[in-house]
There are 2 protein chains.
Amino acid sequence: MLGNLNSDRSNVDSLNRDRRSRRREATKAEILDAAWALVREHGLAGLSLRDLAARVGMRAPSLYQYFPSKHAIYDAMFGQGARQALAEVGAPVGTTDAREALLLVAHRMFDFVTSNPERALLLFQRTIPGFEPSPESYAPAVELLDWSRLQLVERGLTDPDALDLWTALLSGLSNQQMANDPGGTRWARLVDRAVGMYLAEVGPPSAGSRKGKR
Amino acid sequence: MLGNLNSDRSNVDSLNRDRRSRRREATKAEILDAAWALVREHGLAGLSLRDLAARVGMRAPSLYQYFPSKHAIYDAMFGQGARQALAEVGAPVGTTDAREALLLVAHRMFDFVTSNPERALLLFQRTIPGFEPSPESYAPAVELLDWSRLQLVERGLTDPDALDLWTALLSGLSNQQMANDPGGTRWARLVDRAVGMYLAEVGPPSAGSRKGKR
DNA sequence: GTCTATATTTGGATAGAC
DNA sequence: GTCTATCCAAATATAGAC
């Protein structure tokens, strides 16, 4: 009897813990969503805990039940952004043709950056004063870079400088788009041409996956 | 007699006005120098009027004798930076060979950006909340872009997209250098190669100024 | 778990004495 | 022309009531 009672109690407690834990995670997610919205409106540096709390129907101090500091919020946002980048850009590429594969990846990356400039700023530039992402949050970003390197190598682009040239080209196109023609297509139109230019430089003279196959 | 007296007085007044005006300009220049130093240390957004005043041996309110607001200081810095860019990057190019000319300009631009990242951030990105440069401060930046276009056209690169691709390539290289290897040479080493790649794409098939001459 | 109240800091900007 | 004193606003963060 006592055993049963204790066991029942334990079960209930355990379920309650689960439920509360889930609720807590849901609230954290809601806070992060609101943070992204505010950051898009007022810029990365313009994020304030007052505004953030107000947007989720709280007062500022209550946020500290979910994140120990403002930097922790930035860190969680960085982690989210890095995982999104890995998921969206680093998704499987169903082609072995080098040109098609690079075009696909280039457009994914370009779209990822320009569709959310503040996210790209948080991930790829150092703009917030004292903020350094934690290793956990940073990990997916490293993974994406490794994945990109692998993509190039798999297409026969084994030149060690090829990846650096590739990232420079892509970041240049997307940054110019964001800074000088936000919402437009002035540099978006040049992505295909840039990939062709790149392939002519680092790729096998006659494009495609021929080099690796024959 | 009275006429002479008045004339003498006018001369003295005029000279004093000149001297004071020059002194005032010198102080403004000193303030801007200090502002650049602080911005290099603490970042663009980290500039505070208290710190700035302290560095030139003043208290914060005294700065308002020289600049009507903090934004006015940013604007003056923007103007300085833009004029420096025009002077350093847009200096005469003593060659008609397309490859050599583009290499020269590319290295000038790369060096300009990486030698003072905060300046480049102020000029080429929109990172300070409410700040928009005044038309006067902005003018040299426009002039530099026009100059760059002219350089390309003079070398036979009349493709209207050529300039956009050029700025994307250069900004990408220098941004990657700043963000991922500050002070290093990881992307600096790739400038020559990038220019070659670019010329192969937009230039006349066989480089040089041949196309324009024969 | 959320709140009020508050500590603390820091910023830009102004008034008025000297 | 520079100062002291101050205003005002906004920010992060903490203490403690409920």
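Letters A, B, ... mirror the listed sequences (proteins, then strands); counts begin at 1. Hydrogens, waters and symmetry mates play no part in the numbers below; they use all other heavy atoms, side chains included.
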- Message: With the threshold set at under 4.0 Å for non-hydrogen atoms, list the residues of residues 67-81 of chain A touching DNA chain C in residue-number order.
- Response: none
- Taking OH from B:Y66 and P from C:dA13, how many angstroms apart are they, rounded to a whole number? 18 Å
- Where along residues 35-63 of chain A does a heavy atom fall under 4.0 Å from DNA chain D? A:L47, A:S48, A:L49, A:R50, A:P61
- Judged by atom type as modelled, is there a donor-acceptor pair below 3.5 Å linking the side chain of A:D75 to the main-chain atoms of A:P133? no
- Determine, for B:E30 against B:R23, whether the closest basic-nitrogen to carboxylate-oxygen distance falls under 4.0 angstrom. no
- Note on the structure: One should read off an interatomic distance between A:E118 CD and A:M178 CE, to the nearest 0.5 angstrom, of 8.5 Å
- Note on the structure: So the side-chain hydrogen bond (donor to acceptor under 3.5 Å, both in side chains) pairs with at least one residue in residues 176-197 of chain A (sequence neighbours excluded) are A:H107-A:D192, A:Q176-A:N180, A:Q176-B:T167, A:Q177-A:D181, A:R186-B:D164, A:R189-B:D161, A:R193-B:D159, A:R193-B:E201
- Item | Salt bridge present between A:E25 and A:R20 (N-O < 4.0 angstrom) | no
- Query: Would B:R119 count as a cation-pi partner of B:F124, with NZ or CZ less than 6.0 Å from the six-membered ring centre and within 45° of the ring normal?
  - Reply: no
- Protein-nucleotide distance (B:E30, atom CD; D:dT2, atom P), rounded to Å: 10 Å
- Query: Starting at CZ of A:F131 and ending at P of D:dT12, how long is that distance when rounded to a whole Å?
  - Reply: 15 Å
- A:R24 CZ: over 12 foreign heavy atoms closer than 6.0 Å: yes
- Look at B:Y64 and C:dG16 and indicate whether a side-chain polar atom (N or O) is within less than 4.0 Å of OP1 or OP2. no
- Query: Between B:Y138 and B:E132, is there a donor-acceptor pair closer than 3.5 Å when you use the side chain of the first and the backbone of the second?
  - Reply: no
- Message: If I take atom CZ in residue A:R22 and atom P in nucleotide C:dG1, what distance separates them, rounded to the nearest angstrom?
- Response: 14 Å
